[in-house]
**Q** 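Take a look at the following structure, please.
We name chains A, B, ... by the order of the sequence lines, and we start the count at 1 in each one. Computed from a predicted model, the values in this text were never measured in an experiment.
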Number of protein chains: 2
Amino acid sequence: MDIRTVAAEAGVSIATVSRVMNHVKTVDPKLSKRVWEVVNRLGYVPNTQARALVSGRSRLFGVIISDITNPFFPELIQGFEEKAVEVGYETMIGSTKRDLKQMELCIQRMLERKVDGVAVMTFGIEPLLLERLSLQGIPMVFIDVAPPGHAITPPPGKAISTISIDYEKGIREGVQHLAVLGHRRIGFLAGPRYLHTALAREHAFRRSIQAIGLALPEEYVFEGDHTAEVGMDGMSALLALADPPTAVMCSNDMTAIGAMHTALGAGLRIPHDLSVIGFDDIRLAQYMFPPMTSIQMSRRDLASAAVMALKAHIDESEDHPAPSNTGIETRLVVRQTTSIPRGALSDLKPGE
Amino acid sequence: MDIRTVAAEAGVSIATVSRVMNHVKTVDPKLSKRVWEVVNRLGYVPNTQARALVSGRSRLFGVIISDITNPFFPELIQGFEEKAVEVGYETMIGSTKRDLKQMELCIQRMLERKVDGVAVMTFGIEPLLLERLSLQGIPMVFIDVAPPGHAITPPPGKAISTISIDYEKGIREGVQHLAVLGHRRIGFLAGPRYLHTALAREHAFRRSIQAIGLALPEEYVFEGDHTAEVGMDGMSALLALADPPTAVMCSNDMTAIGAMHTALGAGLRIPHDLSVIGFDDIRLAQYMFPPMTSIQMSRRDLASAAVMALKAHIDESEDHPAPSNTGIETRLVVRQTTSIPRGALSDLKPGE
DNA sequence: CTGAAAGCGCTAACAG
DNA sequence: CTGTTAGCGCTTTCAG
């Protein structure tokens, strides 16, 4: 069952069937109607492979993420997929699991399938591999920023864009929220420093603390890896301190979940004995107990921006250059893991 | 840059290049080596579209799920994808969001891409749509069971298999565990009854309760929809009862998370005042506080079985018929949301 | 506005 | 063991 079957059945040429299927407007409505009837009756579905082969466009986008098991990503993927389908594209997911070998395989697969664009939602990607993509002139979009320095300037057009996230805003809101409540000792459970998006969060935190005039002992910052597992370790480390923080901010929600787990396990009450703020505001955050205060950035907006950037590059032309930078905001969502610190009153110095 | 470029550069015919790329063993090692060198030097990547077009096989599997946002599915998808890549297949995901329109689109997309097999990991799928798949003779694998009754017997070969899950075992273990601890009033937060997998769990629960000789007032069973949101509602309903249960078993972990949330919010202590058992044992279960007792079924095994079943159907031949049924076990994982009920001692009647 | 014909990049007979 | 050749199903000039 192929285009010929339909053509024969409708008494037209295959070219006409092709035109009808592609909604070419210059087709006689009579013929068009006849063809559609046959298509529906026979249940004809055009073969994407053949279409792609001849048109040179696969209508496929690749998304590279690190770990589909972190709830943040499925939510992001869902948004991406929806938007992609909306503009007529399919999505192919590549999970690198932070492993070089996986990453290589995953890029190989995308090249084989001739993706029309790639969204890189993770860092830790080998510049060399990226070059393979950019050399083919495949449009790419990065979250945050392309790998530092390393020149991935593709030969002719630089079909690369970036979605920059204003971490600063949300994190500043969080720190101020804590400070207003009376916290003076605020810790930070950071993400892996090789991960650009994690580092950006840490920097924003440091700046916010400084801006507000608080001290930040180096042992108040713990480098983790964005898993609940290591969030537990980080919290343990903080609690073991002679003078532990009264509040912790976390680089992502999974870390915060781990931290809460450990704190609760140690007999602390949240938020009475310890305030916690997460980051990402994954859906689950509100179902924790107590419901978690977190910093939100819209997965929908992010995903949507990524798809649109890719689409823009594809439709790009001399007089319609694609924009190469989009911004996404972050904002604090206050729930119930933050309150005044237990020792709040005694912390007050005369004059305050 | 195509197969011709490579052939020319290596001084062989395109057929030879094709053979080398496909690891056909009858190629002169000398030539093979020469070709590989050129391939690597040029960074040649074969075009999957063309390959698929001529070979008639897309090396693509479709997976139909209902809601990628439920943590159970990403974990499943990850397993599926890994296994699929292992046997040389790509995975295409279709999220139906329990919406008929979405489902239709999603099947349409799979047909267009000419998937070599489909794993249906959700129920609630229109038999008519399914028929479109089976009529094309596309191998399918279902979790649990094909839609009841409705004859989806494809014309020639019946390339359909089922992965049946032994819910009974895990659930019986859970109920017994509770009974041994001293619980006599056990509630059940069920999933949507139109969902086969949910109904099977409910039935297993009812049988287990009966087997152990306990009473099950109808108001102890609450039909939910496998979301945390409605899990909260269910728990509220149970707590509002004159004689509320001392333990609840849930049809999935998200429901259990919602239930715990509400119970904790109502001032109950878990497990002291209320025991809770989830189902699925998603990763997060252990990071809840207290860590959740849950019934596990291996996502890995499930995913793996699905891929292998599809693969078997594809490689099927007269003398190597594909097995059409695989079984997956479930088992109780005891953590800290279950303990003896508060009123345990007073519940004991003389003679017990 | 419609049809005939030329491939897209590759695999799989079929000769040599 | 290697090369030549005929398509896979479709889009897209180019004539009519």
Side-chain angles (χ1 to χ4, degrees), chain A residues 1-36 38-39 42-60 88 90 108-116 136-137 314, chain B residues 1-36 38-39 42-60 88 90 108-116 136:
Chain A
M1 145 86 80
D2 60 8
I3 201 174
R4 264 174 289 269
T5 325
V6 178
E9 193 74 13
V12 296
S13 72
I14 63 168
T16 299
V17 177
S18 172
R19 291 193 186 99
V20 170
M21 297 303 290
N22 290 291
H23 304 101
V24 172
K25 286 172 287 286
T26 58
V27 180
D28 185 325
K30 283 187 171 79
L31 286 192
S32 177
K33 186 154 166 293
R34 216 160 75 211
V35 171
W36 278 119
V38 175
V39 165
L42 268 48
Y44 166 69
V45 176
N47 181 331
T48 317
Q49 330 268 13
R51 260 162 122 133
L53 185 57
V54 60
S55 70
R57 306 202 298 138
S58 63
R59 301 207 76 91
L60 237 188
E90 214 65 57
Q108 172 83 11
R109 283 160 45 211
M110 297 201 170
L111 253 24
E112 283 176 0
R113 296 260 168 202
K114 291 269 177 299
V115 292
D116 289 342
Q136 313 266 344
I314 290 170
Chain B
M1 147 85 79
D2 59 9
I3 201 174
R4 264 174 287 272
T5 325
V6 177
E9 193 73 14
V12 295
S13 73
I14 61 168
T16 299
V17 176
S18 174
R19 291 193 186 100
V20 170
M21 297 305 288
N22 289 293
H23 304 101
V24 173
K25 285 172 287 288
T26 58
V27 181
D28 185 325
K30 283 186 172 83
L31 286 191
S32 176
K33 187 155 167 288
R34 214 158 79 210
V35 171
W36 277 118
V38 175
V39 165
L42 268 50
Y44 165 71
V45 175
N47 182 331
T48 317
Q49 331 267 16
R51 262 168 125 137
L53 185 56
V54 60
S55 68
R57 306 203 298 138
S58 63
R59 303 208 73 92
L60 239 186
E90 214 65 58
Q108 172 84 12
R109 285 161 45 214
M110 297 201 170
L111 253 24
E112 284 177 359
R113 296 262 168 200
K114 291 269 178 297
V115 291
D116 290 340
Q136 313 269 342

**Q** Return the value, rounded to whole Å, for the distance between atom CG of Asn47(A) and atom P of dG7(D).
**A** 18 Å
**Q** From dC10(C), dT4(D), dG3(C), pick the nucleotide closest to the side chain of Ser13(A)?
**A** dG3(C)
**Q** Is a salt bridge present between Arg4(A) and Asp2(A), judged by a nitrogen-to-oxygen distance below 4.0 Å?
**A** yes
**Q** Expressed as a whole number of angstroms, how long is the span from Asp2(B):CG to dG7(C):P?
**A** 14 Å
**Q** Does Thr16(A) make a side-chain N or O approach to OP1 or OP2 of dG3(C) shorter than 4.0 Å?
**A** yes
**Q** Could you give the CZ-to-P distance, from Arg19(B) to dG3(D), as a whole number of Å?
**A** 8 Å
**Q** Reading DNA chain D from 5' onward, which residue's closest nucleotide shows up sooner: Val12(B) or Ser55(B)?
**A** Val12(B)
**Q** In whole Å, what is the span from the CD atom of Gln49(A) to the P atom of dT11(C)?
**A** 13 Å
**Q** Can you check the Ile3(B) CD1 to dG7(D) C1' distance for me, whole Å?
**A** 15 Å
**Q** If you compare every side-chain N and O of Ser18(A) against the phosphate oxygens of dT11(D) (OP1, OP2), does one of them come in below 4.0 Å?
**A** yes
**Q** Could you say whether Val54(A) or Val27(B) is positioned toward the 5' end of DNA chain D, judged by the nucleotide with the nearest heavy atom to each?
**A** Val27(B)
**Q** Any side-chain N or O of Arg51(A) less than 4.0 Å from the OP1 or OP2 oxygen of dT11(D)?
**A** yes
**Q** Given dT12(D), dT2(D), dG9(C), identify the nucleotide with an atom nearest to the side chain of Asp28(B).
**A** dT2(D)
**Q** Mind checking whether Glu9(B) and Tyr44(B) have side chains closer than 4.5 Å, heavy atoms only?
**A** no
**Q** Just N and O in the side chain of Tyr44(A): are any of them under 4.0 Å from OP1 or OP2 of dG9(D)?
**A** no
**Q** How many angstroms lie between atom CZ of Arg113(A) and atom CD of Gln108(A), to the nearest 0.5 angstrom?
**A** 12.0 Å
**Q** Can you check side chain to side chain contact (heavy atoms under 4.5 Å, CB included) on Arg109(B) and Glu90(A), steps first, answer last?
**A** CA-CA 8 Å; Arg109(B) 285 161 45 214; Glu90(A) 214 65 57; 2.5 Å; yes
**Q** What integer distance in Å separates Met21(A):CE from dT12(D):C1'?
**A** 17 Å
**Q** Given dT13(D), dT11(D), dC14(C), identify the nucleotide with an atom nearest to the side chain of Asn22(A).
**A** dT11(D)
**Q** Which nucleotide wins on minimum distance to the side chain of Ala15(A), given the candidates dG3(C), dA13(C), dC8(C)?
**A** dG3(C)
**Q** What's the CE-P distance between Met1(B) and dG9(C), to the nearest Å?
**A** 12 Å
**Q** Over how many whole Å does the gap from Arg57(A) atom CZ to dG9(D) atom P extend?
**A** 23 Å
**Q** Would you call Pro46(B) and Ile3(B) a side-chain contact if the rule is heavy atoms closer than 4.5 Å?
**A** no
**Q** Nearest to the side chain of Thr26(B) - dC1(D), dT11(D), dC14(D)?
**A** dC1(D)
